[in-house]
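What follows is a short report on a single structure.
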Protein chains: 2
Amino acid sequence: MKEGPDIAQIGSLIGDPARANILTALMGGRALTATELAAAAGVTLQTASAHLAKLEAGGLLAQRKQGRHRYFTLADDRVGKLLEGIMGFAASRGHLRHRPGPKEPALRKARICYDHLAGDYGVRMLDSLVEAGAISVMGEGLNLTAQGEKHLGSIGIDVSGLRSSRRPLCRSCLDWSERRAHLAGSLGKALLSNFFDKGWARRTENSRSIFFTPEGERRFLALFPIEIGDGKPEPELSEKP
Amino acid sequence: MKEGPDIAQIGSLIGDPARANILTALMGGRALTATELAAAAGVTLQTASAHLAKLEAGGLLAQRKQGRHRYFTLADDRVGKLLEGIMGFAASRGHLRHRPGPKEPALRKARICYDHLAGDYGVRMLDSLVEAGAISVMGEGLNLTAQGEKHLGSIGIDVSGLRSSRRPLCRSCLDWSERRAHLAGSLGKALLSNFFDKGWARRTENSRSIFFTPEGERRFLALFPIEIGDGKPEPELSEKP
DNA sequence: GAGATGCTTCGGTTACGATCGAAGTATGAA
DNA sequence: TTCATACTTCGATCGTAACCGAAGCATCTC
């Protein structure tokens, strides 16, 4: 009837609550089994199986068979970006499934956004890197400076190795909780991995929130000293431009 | 059950074919009446009315009463950006509602993307501006150079007036047909308006395609001489990064 | 006022898809 | 081989929402 890409198909894929739960759970970035996803979605295994088949047919999910387990992940980081975009939009409209439970504060503080750090700490990290002159902001783009490359090298990040990937090194990702930018791209991923490797932080079970050890938190805050609210006076996002 | 923004709600809003048609029609940027949208969606007026009410309640649409007509538009350009993002994703997955009709070529050549120029001509325009040094590319961000400001001023674009808007001046927008960037933001809008004002081009009825007059086409191609395929050797987007 | 147009609301039908129980297949463990 | 676990397929049920006809408001024209 009409020309153009079929947005209704992926809309309806995301539109089912059970499937939305599955996708949200996979935004945590790690591969999950069908059983785990069924629990996350709040449906039985059979139902989840049907949903997973549809999501995979729709190109949103990829699966990897391993023994008698079947691990699912988001198909690629474009899916993660798409979902984060929708989440940001939904949050800005106030379409929050508001259950201000005890987990909320932890999520706002530090959580994983597909594969990089988001939340308060994510924003703080980017702001600090910009303030320190490690990253320069060009409109909506981010660039790692030579000084930044040296600085990150001293922390233990091999930037030249990251450059060889096809994935952009720096990308800014708008946070639905903070509505401010944090660092995505291969560098964002590398930094978060680095924190995990050093034992500063670890993932929490069945949640997207990230737990910092006391020592790790101290180190992180010292390394990225710019408080949220300092730095650039980024304008509030207005509802009606 | 879960934390975070409710992506299922807007997913299901977009997921219905009739509503998707309505939204796609409104991507044309102009305000349309309920009757027109009903025709575009292929449903009766009553059904369309119900859909429009839902879309408005969901914050995707805004309406403006004018006499006995009710004009609908996308709520703001964030909605347009969201939809274009989904379209781009859908196109990359091959979820095309493939009806390679006669209108397709016109759409690929030049069409409106919410309020700016997209398609072949949109890509050509941006490429040419970059090649001419009017716009510099920084990662994913675009910046208008001083030289570019002067250049555009000579065409009849008042850049300083655009700067006063809260909307970003330059933004790159990824095209679902070309899979290459074209110019969005207030500057993109101003350029397209400029072409309309000069009579180089006009919108076509009930379509997102843009019709160039022979004279206008000549002028446009002379002003933006870089062919698609020239310029920067932007790598193909790969499916699996 | 009367009539026409644009749109909404109401009521009833229908169809699709989400759901789960039960049975079937595959892989691993004992 | 036997049993257990992980998952899929089948079949049937059920609820919801999309849909349209008809009637009801609202606004404009005459």
Practice task
Report the residues that fulfil side chain to side chain donor-acceptor pair (under 3.5 Å) with B/Lys198, sequence neighbours left out, ordered by chain and then residue number.
Solution key: B/Asn194
Practice task
Would you kindly say whether A/Thr44 and A/Gln46 are connected by a side-chain donor-acceptor distance under 3.5 Å?
Solution key: yes
Practice task
Please name all residues satisfying side chain to side chain contact (heavy atoms under 4.5 Å, CB included) with A/Ala34, sequence neighbours left out, ordered by chain then number.
Solution key: A/Leu45, A/Leu52, A/Phe72
Handout entry: Selected nucleotide, minimal atom distance to B/Ser49 side chain, candidates D/dT8, D/dC7, C/dT8
Key = C/dT8
Exercise for the section: Just jot down the side chain to side chain contact (heavy atoms under 4.5 Å, CB included) partners of A/Ala110, sequence neighbours excluded, or say none. Expected result: A/Leu117, A/Tyr121, A/Ile210, A/Phe212
Problem - Whole-Å gap separating P (D/dA22) and CG (B/Leu45) - result: 15 Å
Are any protein N/O atoms closer than 3.5 Å to N/O atoms in nucleotides 17-19 of chain C? If there are, list each pair with its distance.
residue: C/dA18; atom: OP1; partner: A/Arg19; partner atom: NH2; Å: 3.1
residue: C/dA18; atom: OP2; partner: A/Lys54; partner atom: NZ; Å: 2.7
residue: C/dA18; atom: O5'; partner: A/Asp16; partner atom: OD1; Å: 3.3
residue: C/dT19; atom: OP2; partner: A/His51; partner atom: NE2; Å: 2.5

Handout entry: Distance below 4.0 Å between A/Arg70 side-chain N/O and C/dT27 OP1 or OP2
Key = no
Handout entry: Contacts of B/Asp158 that satisfy side chain to side chain donor-acceptor pair (under 3.5 Å) - sequence neighbours left out
Key = B/Ser160
Pairwise N/O distances under 3.5 Å, protein to nucleotides 23-30 of chain D:
none

Practice task
In whole angstrom, give the distance that lies between atom CD of A/Gln9 and atom P of C/dC16.
Solution key: 16 Å
Handout entry: Main-chain N/O of A/His69 paired to A/Thr33 side chain as donor or acceptor, under 3.5 Å
Key = no
Problem - Distance, rounded to the nearest Å, where B/Leu37 contributes CG and C/dG6 contributes P - result: 14 Å
Handout entry: Partner set under side chain to side chain contact (heavy atoms under 4.5 Å, CB included) for B/Tyr114, not counting sequence neighbours
Key = B/Leu74, B/Asp77
Handout entry: Spacing between A/Gln63 atom CD and D/dA6 atom P, to the nearest angstrom
Key = 17 Å
Fill in the blank from the handout: Sorted by chain and residue number, the side chain to side chain contact (heavy atoms under 4.5 Å, CB included) partners of B/Arg68 (sequence neighbours excluded) come out as none
Handout entry: Test ring pair (Phe, Tyr, Trp, His ring centres under 6.0 Å) applied to B/His116 - qualifying residues, sequence neighbours left out
Key = B/His182
Exercise for the section: Whole angstrom is fine here: how far is it from CG in B/Leu13 over to P in D/dA17? Expected result: 11 Å
Handout entry: Spacing between B/Leu32 atom CG and C/dC7 atom P, to the nearest angstrom
Key = 11 Å
Fill in the blank from the handout: B/Tyr71 OH to C/dT5 P, in whole Å, measures 16 Å
Exercise for the section: Would you kindly give the CD-to-P distance between A/Glu56 and D/dC7, to the nearest whole Å? Expected result: 13 Å
